Participant: 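There's a structure below that I have some questions on.
For reference, positions follow the sequence shown, starting with 1. Quick caveat, the model's predicted, so the values are computed rather than measured.
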Amino acid sequence: MLSLVHSVATLTIGLQSVELGKNRYQCLVKCAARGPRPRSPRVWKTKRKIGTISKSIKLVECIKGLSNVKEEVYGALDSFIAWELEFPLVTVKKALKSLEFEKEWKRIIQVTKWMLSKGQGRTMGSYYALLNALAEDGRIDEAEELWRTLFSQNLESMPRMFFDRMISIYYHREMHDKMFEIFADMEELGIRPTVPIVTMVGDVFKKLDMLDKCEKLKKKYPPPKWEYRYIKGKRIKIRTKDSVQSGTDNQVNNSTTEPSSDSYEVQENEESEIDDYVEEDDSYVSENNESPKTD
């Protein structure tokens, strides 16, 4: 016959205490000590990124041979992810990058809309890729509709790259009124325009014989005098080419004798100062790397 033997029970009465036997479950000890609870890995949730490049290549090859019919493309994409436990977002993003490199704008639009219909990848980066693809494919009406919806939903948190892209779209298609509207929205929201935006708006002012507004625009948003570059993993502040040229031009205009030689000397001195600054930073980095470690 079988007999079951239970462990001895423990009681604590007043100051008297009886020793407990060994606990079979270590998780109870950890919980009593307020430590981390042991977690078993979930089998159904996978975050592996191995093999995503080959999968993205297969996805691109699966799409390329199809026609532009929406149902056919969506059916092929659904069959591609039928056996996936999770939506392969990394694979789809890499496939979109490869399609963008090959300038397959229609396929980018189809894959992005399919991804958004699944409720996946709803980020500003994917919306920007869709906006860029619509503009490159010549579907300006859809691009403007997407821009209006995004701008109405994210009025105060709209990234500046969307404004840059819309202004460049209207600039290349000579839609000056809409370009001025977006530029006015940027000024109302307090978003500082970049140098390409200022140059495009200034060129439009010159074409329309609005020289006063062009000068006011350049005075309000002058080009930056400094820029940051990364040299050997270190951020270095360097003067821009526009500021160097403007400095040399001012010194040439102020000088009365030998203007050409003075301008060349000033430019060479400024370039030598930048090179010396970069060399000093490189020597400082090398000295820190060669310094012995102290225990």
Participant: List the atom pairs, with distances to 0.1 Å, where a side-chain N or O of residues 170-187 and a protein N or O form a donor-acceptor pair under 3.5 Å, not counting sequence neighbours.
Facilitator:
| unit_1 | atom_1 | unit_2 | atom_2 | d |
| --- | --- | --- | --- | --- |
| Tyr170 | OH | Glu144 | OE2 | 3.1 |
| Arg173 | NH2 | Ala135 | O | 3.2 |
| Lys178 | NZ | Glu144 | OE2 | 3.0 |
| Glu187 | OE2 | Tyr221 | OH | 3.3 |

Participant: So which heavy atom on Tyr128 is nearest to which on Met161, and how close?
Facilitator: CE1-O, 3.6 Å
Participant: Any carboxylate oxygen within less than 4.0 angstrom of a Lys/Arg side-chain nitrogen, looking at Arg139 and Glu142?
Facilitator: yes
Participant: Check the hydrophobic clustering (I, L, V, M, F, W, Y; side-chain heavy atoms under 4.5 Å; chains of links allowed) and say if Leu155 and Leu146 are grouped together.
Facilitator: yes
Participant: Linking I/L/V/M/F/W/Y whenever their side-chain heavy atoms sit closer than 4.5 Å, directly or via other members, would Phe151 and Ile197 fall into one cluster?
Facilitator: yes
Participant: What's the spacing between Lys94 NZ and Ile53 CD1 if we round to 0.5 Å?
Facilitator: 4.5 Å
Participant: Nearest heavy-atom pair of Gln110 and Tyr74: which atoms, and what distance?
Facilitator: O-CE1, 3.8 Å
Participant: For Ile238 and Trp226, run side-chain contact (heavy atoms from CB on, under 4.5 Å): C-alpha distance rounded to whole Å, both residues' side-chain angles, the deciding distance at 0.1 Å, then the answer.
Facilitator: CA-CA 6 Å; Ile238 300 174; Trp226 300 92; 5.6 Å; no
Participant: Test Ile108 against Leu130 for side-chain contact (heavy atoms from CB on, under 4.5 Å), laying out the working first.
Facilitator: CA-CA 7 Å; Ile108 291 171; Leu130 180 59; over 6 Å; no
Participant: Less than 4.5 Å apart, side chain to side chain, heavy atoms only: is that true for Val195 and Pro224?
Facilitator: yes
Participant: Same cluster or not: are Met115 and Leu99 linked, directly or through other Ile, Leu, Val, Met, Phe, Trp or Tyr residues, by side-chain heavy atoms under 4.5 angstrom apart?
Facilitator: yes
Participant: Considering residues, nucleotides and ligands other than Lys218, do more than 12 of their heavy atoms fall under 6.0 Å from its NZ?
Facilitator: no
Participant: Between Glu72 and Lys70, does any NZ, NE, NH1 or NH2 come within less than 4.0 Å of an OD or OE carboxylate oxygen?
Facilitator: no
Participant: Decide, yes or no, whether a salt bridge links Arg165 with Glu136 under the criterion of side-chain N to carboxylate O below 4.0 Å.
Facilitator: yes
Participant: Count I, L, V, M, F, W, Y as connected when their side-chain heavy atoms are under 4.5 Å apart, and connections chain through other members. Are Leu131 and Val111 then in the same cluster?
Facilitator: no
Participant: Just verifying a value: how many Å separate Leu150 CG and Met158 CE, rounded to the nearest 0.5 Å?
Facilitator: 4.5 Å
Participant: Do Asp212 and Phe205 come close enough that some side-chain heavy atom pair is under 4.5 Å?
Facilitator: no
Participant: Looking only at non-hydrogen atoms, find the nearest pair between Leu59 and Ala95 and report the distance.
Facilitator: CD2-CB, 3.7 Å
Participant: What distance do Ile236 atom CD1 and Arg229 atom CZ have between them, rounded to the nearest 0.5 Å?
Facilitator: 10.0 Å
Participant: Ser126 and Lys93: which non-hydrogen atoms are nearest, and at how many Å?
Facilitator: CB-NZ, 3.4 Å
Participant: Can you tell me how far CD1 of Ile140 sits from CD1 of Ile169, rounded to the nearest 0.5 angstrom?
Facilitator: 5.5 Å
Participant: Working to the nearest 0.5 Å, report the span between CG of Leu96 and CD of Glu100.
Facilitator: 8.5 Å
Participant: With a 4.0 Å cut-off, would you call Asp137 and Arg107 a salt bridge?
Facilitator: no
Participant: Salt bridge between Lys220 and Glu215, side-chain N to carboxylate O under 4.0 Å?
Facilitator: no
Participant: Looking at every heavy atom in both Thr199 and Pro196, which two are closest together, and how far apart are they?
Facilitator: OG1-O, 2.6 Å
Participant: Evaluate Lys113 against Ile109 for side-chain contact (heavy atoms from CB on, under 4.5 Å), listing each step before the verdict.
Facilitator: CA-CA 6 Å; Lys113 287 185 176 181; Ile109 294 167; 3.8 Å; yes
Participant: Around Glu102, counting heavy atoms of other residues, nucleotides and ligands shown, do more than 12 lie under 6.0 Å from its CD?
Facilitator: yes
Participant: Can you name the nearest heavy-atom pair linking Met124 to Pro159, along with the distance?
Facilitator: CE-CD, 3.8 Å
Participant: Determine, using the 4.5 Å side-chain heavy-atom cutoff (strictly less than), whether Val198 and Leu208 are members of one ILVMFWY cluster.
Facilitator: yes
Participant: Give, for atom CG of Leu77 and atom SG of Cys62, the distance between the pair rounded to the nearest 0.5 Å.
Facilitator: 7.0 Å
Participant: Please report the C-alpha distance between Arg160 and Asp164 in whole Å, then the side-chain angles of each, then the deciding distance to 0.1 Å, and finally whether the side-chain contact (heavy atoms from CB on, under 4.5 Å) criterion is met.
Facilitator: CA-CA 6 Å; Arg160 188 170 60 180; Asp164 296 353; 3.9 Å; yes
Participant: When the aromatic ring centroids of Trp114 and Phe80 are compared, is their separation below 6.0 Å?
Facilitator: no
